[in-house]
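See below for the structure under consideration.
Throughout, residue positions are numbered sequentially from 1 according to the sequence presented. When a ligand or atom number is given, it counts from 1 through the structure's own listing order.
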Amino acid sequence: MNNQSELRQRLTSQWGDGACLTEAIDRAPFETDFRKLFHGEALAILQPNSVTELQSMVRFASDHRLVMVPAGGNTSYCGGAAPDKSGNNLIISLKRLNKIRSKDPLGYTLTAEAGCTLASVQEAAESVERYFPLALGSQGSCQLGGNLSTNAGGTSVLRYGMMRDLVLGLEVVLPDGRLLNQLNGLRKDNTGFDVKQWFIGAEGTLGIISAATLKLFTKPTQYSTAMIGVAHIGAAVDLLSRLREYFGDVIESFEFLPESATELARQHLKLRDPFETSPPPARVLLECAQPRAWPELPERLAHVLMKLIESGLVLDVAMANSDRERDHFWSIRERIPEAQTLEGASIKHDISLPIGQLATFVSEAARVVQATIPGARIINYGHVGDGNLHYNLSPPCGTTKGSDTERQFLANQSAITRTIHDLVASLGGSFSAEHGIGQLKVKELERYEDPVALELMKKLKVAIDPLNLMNSGKVVK
Ligand SMILES: Cc1cc2nc3c(=O)[nH]c(=O)nc-3n(C[C@H](O)[C@H](O)[C@H](O)COP(=O)(O)OP(=O)(O)OC[C@H]3O[C@@H](n4cnc5c(N)ncnc54)[C@H](O)[C@@H]3O)c2cc1C
């Protein structure tokens with residue numbers, strides 16, 4: 001019997017069916033990432049039922065010098081939850097650690113286990129008339145542990161910040177099996193370093209998050225949602241600045257969609273477009289949310305937008321007049337990635353810039369894209385209120401799957417990504433706004449990160465995980 005089958009037998013006899021899966025068919029969904037960019041082979045999938053069981057699994061891995069790969073909903077974009085090809089990685093799925101441990105509407109906090117889906121955390125907050133604002137297109141399947149470990153962003157960062165801003169306390173199983181218990185809901189706690197923050201955005205390289213205490217907010221009772229036609233991204237940025245002067249923090253989401261993106265949604269998903277008859281060159285999806293009814297809000301918003309039409313900044317406006325219409329506007333935004341997948345091959349970038357540099361970036365990037373891949377289509381949509389663009393490319397119109405044009409397009413991927421990321425860096429931006437590093441962007445981190453920051457990251461990794469067993473090969477090598 002070889003080492004791999006002996007270890008599989010030992011794991012199964014220790015934790016049994018359900019908590020330990022070793023068959024190829026059960027391992028398969030965990031052995032590749034959401035975008036199918038990485039394929040590996042796992043020794044087994046471990047699914048602890050309790051934190052104590054998780055600790056004993058981590059101790060087993062540490063004793064046998066096995067690399068551990070924490071897994072949430074496997075919806076992330078950089079291959080962080082996929083194993084390598086060695087056949088010796090233990091995937092530790094948190095899906096059975098999915099209890100809401102407590103809700104404190106008075107203190108505006110909630111404590112949930114890492115395997116809770118984001119949607120179930122939002123529902124738990126709503127059940128006590130509170131609001132948890134993190135919102136992502138993947139919220140039905142991504143898990144709290146994954147959201148914390150990727151420091152997820154989403155559509156309400158403008159008002160509430162990223163995942164790291166929404167956490168008060170954390171419980172983490174360290175690589176040697178010890179439990180770090182920082183699960184408190186204190187708003188003020190200046191007792192030395194903020195240790196919990198080391199694990200947020202670490203993509204499972206420092207420990208396995210088992211639970212978190214989260215900040216809750218007052219539940220919005222009223223939404224005003226509008227699709228707003230604009231000429232270009234510079235106009236969208238000006239519009240945000242004008243609207244913030246009028247509405248301040250009431251603005252929760254400000255999403256940018258160029259016509260190249262909405263066209264794909266119309267074509268592949270047959271989504272009705274409020275601007276069907278004359279689509280503008282670009283549009284913004286704006287959402288204002290209010291905790292208390294402010295009956296004048298929709299009227300006031302419509303009035304301000306009309307004034308901005310007169311000034312020429314806004315080209316057209318469609319207000320959502322019902323919850324159904326609001327959901328429809330959001331589905332146009334949320335389903336752009338799906339529409340682009342249906343269109344065929346793509347080259348993706350998740351970048352952020354100081355908001356005042358977005359227009360310069362977009363015009364400069366268009367020039368280099370066209371010089372490198374003539375005819376490539378630019379599908380640059382995203383959370384523009386946060387300076388974040390998903391700067392994606394599709395091959396020239398009419399390119400068929402498997403054709404020479406598609407091959408040529410994909411052959412340019414590294415060159416174009418290098419140019420785009422260099423441009424972003426020269427304008428003071430980031431090559432990874434919200435999707436993290438995983439295994440996809442390790443070299444980019446080496447290239448663009450401040451060398452002192454990179455050195456500190458590597459020292460922290462060695463200090464917490466001296467045997468390099470926790471998701472090794474991801475983020476920092
Ligand atoms: C349709 C769609 C829309 C999306 N929209 C957004 C968006 O708007 N904003 C955004 O930021 N992201 C977005 N994403 C990306 C993704 O959903 C997020 O990154 C999400 O936070 C990942 O959670 P997950 O549970 O799927 O994590 P996984 O993919 O399972 O894991 C991600 C990383 O976290 C580690 N990890 C997972 N659980 C733990 C744990 N308990 N302890 C330690 N490490 C752990 C893994 O090892 C891996 O490195 C989107 C994805 C899709 C498919």
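Atoms of ligand 1 lying under 4.0 Å from any heavy atom of Ala152, numbered from 1 in the order shown and given with element: 11 (O), 21 (O). Counting atoms of ligand 1 from 1 in the listed order, those under 4.0 Å from a heavy atom of Gln143 are 24 (P), 25 (O). Listed by number with element, the atoms of ligand 1 under 4.0 angstrom from any heavy atom of Ile208 are 42 (N), 43 (C). The atoms of ligand 1 that sit less than 4.0 Å from any heavy atom of Gly204 are 43 (C), 44 (N). Residue Thr150 has at least one heavy-atom neighbour below 4.0 Å for each of these atoms of ligand 1: 19 (O), 20 (C), 21 (O), 32 (C), 33 (C). Listed by atom number, the atoms of ligand 1 under 4.0 Å from Gly207 heavy atoms are 43 (C). Close approach to Asn471 involves these atoms of ligand 1, each under 4.0 Å from a residue heavy atom: 47 (O), 49 (O). Residue contact check: Phe34 has heavy atoms under 4.0 Å from atoms 53 (C) of ligand 1.
For atom 24 (P) of ligand 1, the nearest protein heavy atom (residue, atom name, distance) is Gly73 N, 3.4 Å. Atom 48 (C) of ligand 1 has Gly80 C, 3.4 Å as its closest protein atom, hydrogens excluded (heavy atom only). Scanning all protein heavy atoms for the shortest distance to atom 52 (C) of ligand 1 gives Tyr77 OH, 3.2 Å. At the top of the distance list for atom 45 (C) of ligand 1, counting protein heavy atoms only, stands Ser149 OG, 3.1 Å. Shortest contact from atom 20 (C) of ligand 1 to any protein heavy atom: Asn147 ND2, 3.6 Å. When only non-hydrogen protein atoms are considered, atom 47 (O) of ligand 1 lies nearest to Pro70 O, 2.6 Å. Of the protein's non-hydrogen atoms, the one nearest atom 32 (C) of ligand 1 is Ser76 OG, 3.3 Å. Atom 12 (N) of ligand 1 has its closest protein heavy atom at His435 CD2, 3.9 Å.
Residue contacts with ligand 1 for Ile209 involve both N, CA, C or O and side-chain atoms from C-beta outward (heavy atoms, distance under 4.0 Å). Residue contacts with ligand 1, taken as heavy atom pairs separated by less than 4.0 Å, do not involve Glu334 at all.
Using cut-offs of 30° and 60° for the angle between ring planes, the Tyr391 and His349 rings count as tilted. Under the 30°/60° scheme for interplanar angles, the aromatic rings of Phe217 and Tyr160 are found to stand perpendicular. The aromatic rings of Phe193 and Trp198 are tilted relative to each other, their planes meeting at an angle between 30° and 60°. In this pair, His435 and His390 present their aromatic rings parallel. The plane angle is below 30°, not in the 30 to 60° band.
Ligand 1 is never approached by Gly438 to a heavy-atom distance shorter than 4.0 Å. Residue Pro337 places every heavy atom at 4.0 Å or more from ligand 1.
An N or O contact shorter than 3.5 Å is missing between Ala71 and ligand 1 by distance. At under 3.5 Å, not a single nitrogen or oxygen of Leu136, backbone or side chain, sits near a nitrogen or oxygen of ligand 1. Not one N or O of Cys142 is nearer than 3.5 Å to an N or O of ligand 1, by distance alone. In terms of polar-atom proximity, Leu94 is not counted as a contact of ligand 1, lacking any N or O under 3.5 Å from an N or O of the ligand. Annotation: Thr75 places an N or O atom under 3.5 Å from an N or O atom of ligand 1; distance criterion only.
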Self-check item: Full working for side chain to side chain donor-acceptor pair (under 3.5 Å) between Ser253 and Ser156
Solution: CA-CA 5 Å; Ser253 303; Ser156 55; 5.9 Å; no

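Salt bridge annotation for Arg447-Asp422: present, with a cationic side-chain nitrogen under 4.0 angstrom from a carboxylate oxygen. At a threshold of 4.0 Å, the pair Glu203-Lys474 does not count as salt-bridged, since none of the basic side-chain nitrogens sits closer than that to a carboxylate oxygen. For the pair Lys103 and Glu126, the salt-bridge criterion is not met [side-chain N within less than 4.0 Å of a carboxylate O]. We find that Lys458 and Glu446 are joined by a salt bridge, their nearest charged nitrogen and carboxylate oxygen being less than 4.0 Å apart. Checked for salt-bridge contact, Arg326 and Glu287 meet the test: a charged N lies under 4.0 Å from a carboxylate O. Between Arg283 and Asp273 a salt bridge is recorded (basic side-chain N to carboxylate O distance below 4.0 Å). Comment: Arg101 engages Glu113 in a salt bridge, judged by a side-chain N to carboxylate O separation of less than 4.0 angstrom.
Under the rule for a ring-ring contact (aromatic ring centres under 6.0 Å, His included), the partners of Trp15 that lie at least two apart in sequence or sit in another chain are Phe60.
Side-chain contact check for Ser331 and Glu334: no donor-acceptor pair (N or O, by modelled atom type) lies under 3.5 Å. The closest side-chain donor-acceptor pair between Glu255 and Thr155, if any, does not fall under 3.5 angstrom.
Of the candidates Gly146, Ser138, Ala135, the one placing a heavy atom closest to atom 27 (O) of ligand 1 is Gly146.
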